[in-house]
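Read the numbers this way: they start at 1 and go in the same order the structure lists the ligands and their atoms. Note that this is a predicted model, so its numbers are computed, not measured.
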Amino acid sequence: MSIKRLLSLIILAIFAMAVYIQCKPGNSMQASNNTTLSQKGLKDYYKDFFPIGVAVRPESLKGADSALIVREFNSLTAENAMKMGPIHPKENEYYWKDADAIVDFAQAHHMRVRGHNLLWHNQAPRWLFTDSATGKQVTKKVLLQRLKDHITTVVNRYKGKIYAWDVVNEAINDDTSSRFMRNSLWYQICGDDFIPKAFEYAHAADPKAVLFYNDYNTERASKRDKVYRLLKQLIDAKVPINAVGLQAHWNVNDPTGEQLRESIEKFSSLGLKVQITELDISVYPSGLPRPAPAAAGTAPTPPPPAVFTPEMEQKQLEQYKMAFNTFREYKKNITGVTFWNISDRSSWLDTRGRKNFPLLFDQDRQPKKAYWEVVKF
Ligand code: GLA
């Protein structure tokens, strides 16, 4: 063999080795020293399991965030843009721009969209509950008619583009008392009738949409039992509900794997599909006090420096690993997993004087160690 031929063979072998290292599952980004990112994202690792989604704001749909979204996710949720207040600020006025932008982006990138949400006690516009002539609270009849108009209009607009809706968000009482329903304005005005009605209106507007009840702390026994009771009542009454959303705003030690399994099994036993709809894992354990608010008349103390410590990193990685091991194990029951926000650059948990680091991408939008645990299977 000529020297020239030998040299070309050696070069070819080196090239083949480099391609192998680059493409080896779980290794692609590390091998490239975090400079060139592989095109493989969470959605690809999980293609045989369930779609992987993310909650977004319209401003994330351009630049570096948008590139990350397209590479990693195949489902979108509007963080705020489809909630009653933002999308329907006045009785005769809808604001579609932001919600449309999210749906258009999803369509352009072949992603699905979960609609969030059609009824919630928070971020609901004041006008909804108020009689504009008298300024007094509206009657049940008026409120249900307004709810029907709202749901029909919003669901109709996105029919065929939004495959699932969180119809009712957080209607169950959240303390450990025996109180069942949250004492919201919805409840005060309508009793618990607003729940079946909301599902009926949504189903009438789009019979193909998958309809969810969505709530948090669903892994805690007392809340889980109440949510189960509500879901069973709805099913027994033949209300068109198809699925339950476990929000999954968790932290490094809550919930345990056992609590999570119990919830998935208990809700699935009703014949409902389950989705993880708002996943993030706070690095602060339950019960850790927030920085004290400033005393009246004094300047607020600046928040402590935001440090993602190796201990936080390790605990969070273990919790993410437990979560995704469990999700994969229940792939027959789980039809989607959505993260609440994109990266640690910005999370709804960065509030009240405390920075958090709850997601799989760091503040430079690079995958964290927890990411590699989640895709290692
Ligand atoms: C709840 C809602 C979400 C979001 C989070 C916090 O979980 O369902 O829409 O508002 O609170 O931001």
*Per-atom contacts, ligand 1 versus His116 - under 4.0 Å to a heavy atom*: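 Listed by number with element, the hits are 2 (C), 3 (C), 8 (O), 9 (O).
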*Which of the numbered atoms in ligand 1 are below 4.0 angstrom from a heavy atom of Asn169?*
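Listed by number with element, the hits are 2 (C), 8 (O).
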*So, His109 versus Phe105, ring centres under 6.0 angstrom or not?*
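So the answer is yes for these two rings.
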*Please check if the distance between the ring centroids of Tyr94 and His88 is under 6.0 Å.*
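Yes.
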Using a 3.5 Å cut-off on N or O atoms only, is [X] in polar contact with ligand 1?
X      : result
Lys83  : yes
Gln247 : yes
Trp120 : no
Trp348 : no

*Hey, is the main chain of Tyr228 close enough, under 3.5 Å, to the side chain of Gln233 for a donor-acceptor pair?*
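Judged by distance alone, no pair lies under 3.5 Å.
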*With a 4.0 Å heavy-atom cut-off (strictly under), which part of Tyr216 contacts ligand 1: side chain, backbone, both or neither?*
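Within the 4.0 Å criterion, Tyr216 makes no contact with ligand 1.
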*When you measure from the centre of the six-membered ring of Tyr330, is the NZ or CZ of Arg261 under 6.0 Å away and within 45° of the axis?*
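No, Arg261 and Tyr330 do not form such a contact.
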*Quick one: does NZ or CZ of Arg157 land under 6.0 Å from the six-membered ring centre of Trp96, within 45 degrees of the ring axis?*
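Yes, cation above the ring, under 6.0 Å and within 45°.
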*Between Asp350 and Lys355, is the closest basic N to carboxylate O distance under 4.0 Å?*
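A salt bridge links Lys355 with Asp350.
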*In the protein, what heavy atom is nearest to atom 7 (O) of ligand 1, and what distance, to one decimal place, separates them?*
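Scanning the protein heavy atoms, the shortest distance from atom 7 (O) of ligand 1 goes to Glu278 OE1, 2.5 Å.
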